[in-house]
Amino acid sequence: YIHLKTIEHLVANSKCLKKLYNIIIDPTNMHFYFKNAGIPTKNLYFADDFRGTREFYKFPLAELQHLVSDKQYNKPNDLNKTKDFFFAGALLLTKGNRREKWNQFFKDLNVSNSSIFVPLALNIMPTKYSKASVKKREAQSIEKFGDLYKSINTHKMYKGSIEPSRFNSVVKSYKYGMVLSCVSSNDSLNFRVINYLNLNILPFFDPEYDQKYLMVPKQFQDVLVVNNSDDIANKINFFNTNDDLRKELLAAMRDYYKIDDFKSDWKNKLNEFFEKEFE
């Protein structure tokens, strides 16, 4: 509420503020508030999305985060990886259907040279809290989702969790990374596709991620969507046996998302975007 009223106050008391650019990483953002308040607004998102009440316009959010801000990873990453598959993300959440993804994709998964990274504290990334708070939240996970907690914690591929500041340095050695549907109950997109491609990690997709092909075209999803643990194991085996195809697909995806072009020319690309806005 404070955020919304602050923007409304700034617009009402500024003679030069003509339009609000509202960056959205979760479609549950109260974007319609500004429109109802009579504030000229353009909602910026990972892709064009005009379904239902959405009026979202494509803007390079993920590119700015991972191709510009992650400066230590702007250099080409090695295609010849030392490890195979990983998943990193939260599952012990009371919101959404992430808990169900464990049984679907990971419970029965047993592939060598691969890892699963999941925080065990309920609803949080552990690094945001004190050790005492993490311990308390982990106890809450055991109380609320005891069987799931035990299944994750005792899994052969489980390697703990990754601090956000160490994420890229840990996962860059893997060939394949899993992209689940977002935590939000509303289907939405996220930063991971661009992040993984920048690290030369081939993404495998949950079929519930980007079902309308807003960000990831059908031509890629047809090859990279996995429906269960068997699919994951089969994809790993296929691409490991046909490594040239893995590298060709990575090159095609990096070209489609203009990974290298954006790195070298991101300032001009942003200027072009806003110059069109102010014509």
Side-chain angles (χ1 to χ4, degrees), residues 3-4 6-7 19-35 39-74 77 88-90 96 125 128 162 164-165 167-168 171-172 177-203 205-206 208-217 220-221 224 250 253-278:
H3 163 69
L4 301 176
T6 299
I7 296 297
K19 182 184 283 190
L20 169 67
Y21 290 90
N22 185 33
I23 292 178
I24 293 177
I25 61 172
D26 186 337
T28 58
N29 177 292
M30 297 285 285
H31 56 89
F32 49 83
Y33 176 91
F34 303 116
K35 185 176 181 179
I39 299 172
T41 304
K42 187 161 189 173
N43 299 304
L44 307 179
Y45 188 49
F46 297 103
D48 289 331
D49 188 352
F50 303 103
R51 294 171 296 168
T53 60
R54 298 181 185 184
E55 295 181 9
F56 300 164
Y57 294 86
K58 182 178 179 179
F59 188 73
L61 308 181
E63 288 84 349
L64 289 172
Q65 175 71 26
H66 292 296
L67 306 185
V68 179
S69 295
D70 292 349
K71 292 181 181 178
Q72 68 270 39
Y73 298 102
N74 277 354
N77 194 47
M125 288 298 292
K128 292 183 179 180
I162 309 175
S165 61
F167 184 86
N168 284 352
V171 305
K172 68 177 183 178
M178 185 71 193
V179 179
L180 292 185
S181 59
C182 298
V183 174
S184 173
S185 57
N186 295 276
D187 58 318
S188 50
L189 309 172
N190 60 38
F191 295 86
R192 293 217 166 180
V193 178
I194 297 299
N195 189 22
Y196 289 3
L197 291 176
N198 186 41
L199 299 174
N200 278 324
I201 297 168
L202 195 63
F205 295 102
D206 177 346
E208 292 186 348
Y209 183 88
D210 193 15
Q211 297 177 67
K212 298 297 184 181
Y213 309 113
L214 301 177
M215 184 181 191
V216 185
F220 297 138
Q221 290 201 39
L224 295 171
L250 269 172
M253 294 183 78
R254 287 175 62 94
D255 182 63
Y256 175 84
Y257 291 101
K258 296 180 171 58
I259 300 293
D260 295 317
D261 287 349
F262 192 89
K263 285 183 186 181
S264 62
D265 199 33
W266 67 271
K267 290 183 180 180
N268 285 332
K269 292 184 185 302
L270 287 186
N271 286 336
E272 288 172 6
F273 177 88
F274 287 109
E275 282 172 2
K276 290 179 181 177
E277 289 294 301
F278 296 122

Check side chain to side chain donor-acceptor pair (under 3.5 Å) between [X] and all other residues, then give those that pass, not counting sequence neighbours.
X: Asn43; answer: Asn22
X: Asp265; answer: Asn268
X: Tyr213; answer: none
X: Tyr196; answer: Arg192

Count the heavy atoms belonging to other residues, nucleotides or ligands that lie under 6.0 Å from NZ of Lys58, then report whether that count exceeds 12. no

May I ask you to check whether over 12 heavy atoms, not counting those of Ile25, lie within 6.0 Å of atom CD1? no

Who pairs with [X] by side chain to side chain contact (heavy atoms under 4.5 Å, CB included), at least two apart in sequence or on another chain?
X: Ala62; value: Phe46, Phe191, Ile194
X: Lys267; value: none
X: Glu208; value: Asn97, Lys101, Ser181, Asp206, Gln211
X: Pro60; value: Glu63, Phe262, Leu270

Partner residues of [X] under the salt bridge (charged side-chain N to carboxylate O under 4.0 Å, His left out) criterion, sequence neighbours left out:
X: Lys258; value: none
X: Glu55; value: Lys35
X: Lys269; value: none

side-chain contact (heavy atoms from CB on, under 4.5 Å) with Leu250: of Asp255, Ile201, Leu202, Ile259, only one passes, and it is Leu202

Would you mind telling me which of Ile24, Leu214, Leu189 makes a side-chain contact (heavy atoms from CB on, under 4.5 Å) with Asp49? Leu214

Do you know which of Phe56, Tyr57, Tyr45 makes ring-ring contact (aromatic ring centres under 6.0 Å, His included) with Phe50? Tyr57

Within this structure, what is the [atom1]-[atom2] distance for the pair [X] and [Y], rounded to the nearest 0.5 Å?
X: Lys172; Y: Asn195; atom1: NZ; atom2: CG; value: 12.5 Å
X: Arg54; Y: Asp48; atom1: CZ; atom2: CG; value: 13.0 Å
X: Ile7; Y: Thr41; atom1: CD1; atom2: OG1; value: 9.0 Å

Close side-chain approach of Tyr209 and Val193, heavy atoms under 4.5 Å: yes

Heavy-atom side-chain contact between Leu67 and Trp266 under 4.5 Å: no

With sequence neighbours excluded, residues passing ring pair (Phe, Tyr, Trp, His ring centres under 6.0 Å) with Phe32: none

Is the gap between the ring centers of Phe274 and Tyr21 under 6.0 Å? yes

With no hydrogens and no angle check, do the side chains of Asp70 and Asn198 hold a donor and an acceptor under 3.5 Å apart? no

What's the verdict on side chain to side chain contact (heavy atoms under 4.5 Å, CB included) for Leu197 and Tyr257, showing C-alpha distance, side-chain angles and the deciding distance? CA-CA 9 Å; Leu197 291 176; Tyr257 291 101; 3.4 Å; yes

Report the C-alpha separation of His66 and Leu199 in whole Å, then their side-chain angles, then the decisive distance to 0.1 Å, and conclude whether the side chain to side chain contact (heavy atoms under 4.5 Å, CB included) test is met. CA-CA 10 Å; His66 292 296; Leu199 299 174; over 6 Å; no

List the atom of Ser188, the atom of Cys182, and the distance in Å for their closest heavy-atom pair. O-SG, 3.0 Å

For Gln221 and Phe205, indicate whether the former's side chain and the latter's backbone hold a donor-acceptor pair under 3.5 Å. no

For the side chain of Glu277 and the backbone of Lys42, is there at least one donor-acceptor N/O pair under 3.5 Å apart? no

